[in-house]
Amino acid sequence: MIVEKVLFDCDNTMGLAEKDVDDGITLLYLLGRNDVDLVGITSTFGNGSVKEVNKVITRMREELNIKDVPFAKGAGDAGDFNTAAAEFLVEEAKKNKGEVTLLATGALTNLKAACQLDPQFFSYLKEIKVMGGITEKLSFGEKEIGELNFSCDPEAAKLVLEAPVPVMVATGNMCLNAFFNSDDWQWLQNQEEESYQYIAKHIEQWYYYGQQLVGEVGFHLWDLVPAVHITHPDLYTKQYYQLHSDVEYLTTGQLKLEKVANKKDKIKEPGIINIPTEIKDLDQFKELIFTAWSAIK
């Protein structure tokens, strides 16, 4: 079995009132996979302030007795470079050259800061997977919402998207079909395992808040889309693009793209990014997630 080493840079606000839960349930997914070696967690701003994110990650590490996964505090805004997270990312990537996948699901400032510390930072990584960006308006029915991550620090987004390693982007648009619905909620409530009960407790408020946000109970599994891609890329249709977005374009998270052929010799070229067009089997996608959650002790 191939075990993937993963660094998780996130804006985890699971359990806070009217804050998204996707980073938290993604963390639980990573912890529950026996083919993932989570080598560290770093915090960033996005879903909430970095102070709120640090509080949630610390609480979850205590509640779940997570002692063997280091945690480093990160950026509070787009100009916050002098952080423990940036130093930690460089250290771990350099120590495990060519072996680490960096999963980034919030503002990308920590990655920008890591590059300032060591301009070779990206070259130490195996690959980068991010959640963010839009290719068209992001809408729930008639309600349009803003982009989720790249717009928080467009300079960092451009830097990451032009990294000289394979980059996969789960855009807000392609994540729309990955929805935790009423059937999923009912199934989760009927489970007796402590891990499922823990998750139900911490996502319940956000699940019902969906009625106010998108007109139906439930929520999108945004950050789990790139996370599942780490070990199951064949579950997604792949399509490579050349990035043409400048920093100003990325202030709204908009991706200006040109489709390119799926040639292996191009995937490490700066600005060539893989943006899957869909998840081929949503039932299998959710089964992978739910099974991993059950493995949390």
**Student:** I need the Leu224 CG to Leu103 CG distance, nearest 0.5 Å.
**Tutor:**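 So the CG of Leu224 and the CG of Leu103 are separated by 9.0 Å.
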
**Student:** Quick check on side-chain contact (heavy atoms from CB on, under 4.5 Å): which of Ile41, Leu38, Val39, Ile128 does Leu7 satisfy it with?
**Tutor:** Val39

**Student:** Do Val228 and Tyr29 have side chains that approach each other closer than 4.5 Å (heavy atoms only, starting at C-beta)?
**Tutor:** yes

**Student:** I'd like to check Lys158 versus Ser245 (side-chain heavy atoms, cut-off strictly below 4.5 Å). Are they in contact?
**Tutor:** no

**Student:** Any donor and acceptor pair, going by atom type alone, linking the side chain of Thr58 with main-chain N or O of Lys55 inside 3.5 Å?
**Tutor:** no

**Student:** Applying side chain to side chain donor-acceptor pair (under 3.5 Å), which residue pairs with at least one partner in residues 276-285 are found, sequence neighbours left out?
**Tutor:**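 Side chain to side chain donor-acceptor pair (under 3.5 Å) check on residues 276-285 returns Thr237-Thr277.
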
**Student:** Does Lys5 come within less than 4.0 Å of Glu92, counting only side-chain N to carboxylate O?
**Tutor:**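 Salt bridge absent between Lys5 and Glu92.
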
**Student:** Under the rule for ring pair (Phe, Tyr, Trp, His ring centres under 6.0 Å), what residues qualify as partners of Tyr236, not counting sequence neighbours?
**Tutor:** His229

**Student:** For the backbone of Glu136 and the side chain of Asn173, can you confirm whether one donor and one acceptor N or O come within less than 3.5 Å of each other?
**Tutor:** yes

**Student:** Only one of Phe8, Phe121, Tyr124 clears side-chain contact (heavy atoms from CB on, under 4.5 Å) with Leu102; which?
**Tutor:**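 Answer to the side-chain contact (heavy atoms from CB on, under 4.5 Å) test with Leu102 among Phe8, Phe121, Tyr124: Phe121.
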
**Student:** Go through the steps for Leu243 and Leu257 under the test side-chain contact (heavy atoms from CB on, under 4.5 Å), then give the verdict.
**Tutor:** CA-CA 5 Å; Leu243 179 73; Leu257 305 165; 4.0 Å; yes

**Student:** Show the numbers, then the answer: is there a side-chain contact (heavy atoms from CB on, under 4.5 Å) between Trp222 and Leu176?
**Tutor:** CA-CA 8 Å; Trp222 308 110; Leu176 287 177; 3.8 Å; yes

**Student:** Search all heavy atoms of Thr42 against all heavy atoms of Phe88 and return the closest pair with its distance.
**Tutor:**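 Shortest heavy-atom contact: CG2-CD2, 3.8 Å.
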
**Student:** Give every residue pair that meets the salt bridge (Lys or Arg N to Asp or Glu O under 4.0 Å) criterion with at least one member in residues 174-199, sequence neighbours excluded.
**Tutor:** Asp184-Lys286

**Student:** Measuring only between side-chain heavy atoms, which start at C-beta, is Cys10 closer than 4.5 Å to Ile57?
**Tutor:**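 SC-SC contact between Cys10 and Ile57 confirmed.
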
**Student:** Between the side chains of Asn12 and Asn47, is a donor N or O closer than 3.5 angstrom to an acceptor N or O?
**Tutor:** no

**Student:** Can you confirm whether the side chains of Thr44 and Asp11 place a donor and an acceptor under 3.5 Å from each other?
**Tutor:** no

**Student:** Tell me whether the count of non-hydrogen atoms from other residues, nucleotides or ligands lying under 6.0 Å of CD in Gln116 goes above 12.
**Tutor:** yes

**Student:** Going by atom type alone, with no hydrogens or angles, which donor-acceptor pairs under 3.5 Å involve a side-chain atom of residues 66-82 and a protein atom two or more places apart or on another chain?
**Tutor:**
residue : atom : partner : partner atom : Å
Asp77   : OD1  : Gly79   : N            : 2.8
Asp77   : OD1  : Asp80   : N            : 3.1
Asp80   : OD2  : Gly76   : N            : 2.8

**Student:** Under the 3.5 angstrom rule, does the side chain of Ser49 hit a backbone N or O of Glu52 as a donor-acceptor pair?
**Tutor:** yes

**Student:** Below 6.0 angstrom between ring centroids: does that apply to Phe180 and Trp187?
**Tutor:**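 Centroid separation for Phe180 and Trp187: 6.0 Å or greater.
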
**Student:** Using the side chain to side chain donor-acceptor pair (under 3.5 Å) criterion, which residues pair with Arg59? Sequence neighbours excluded.
**Tutor:**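 For Arg59 the side chain to side chain donor-acceptor pair (under 3.5 Å) partners, ignoring immediate neighbours, are Glu63, His202.
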
**Student:** Could you tell me if the side chain of Lys129 sits less than 4.5 Å from the side chain of Thr101, heavy atoms only?
**Tutor:** yes

**Student:** Does any N or O in the side chain of Asn110 come within less than 3.5 Å of the main-chain N or O of Lys112, such that one atom is a donor and the other an acceptor?
**Tutor:** no

**Student:** Pair Thr13, Val53 - check side-chain contact (heavy atoms from CB on, under 4.5 Å), show working.
**Tutor:** CA-CA 5 Å; Thr13 53; Val53 175; 4.1 Å; yes

**Student:** Suppose we screen for ring pair (Phe, Tyr, Trp, His ring centres under 6.0 Å). Which residues come up paired with Tyr209, at least two apart in sequence or across chains?
**Tutor:** Trp206

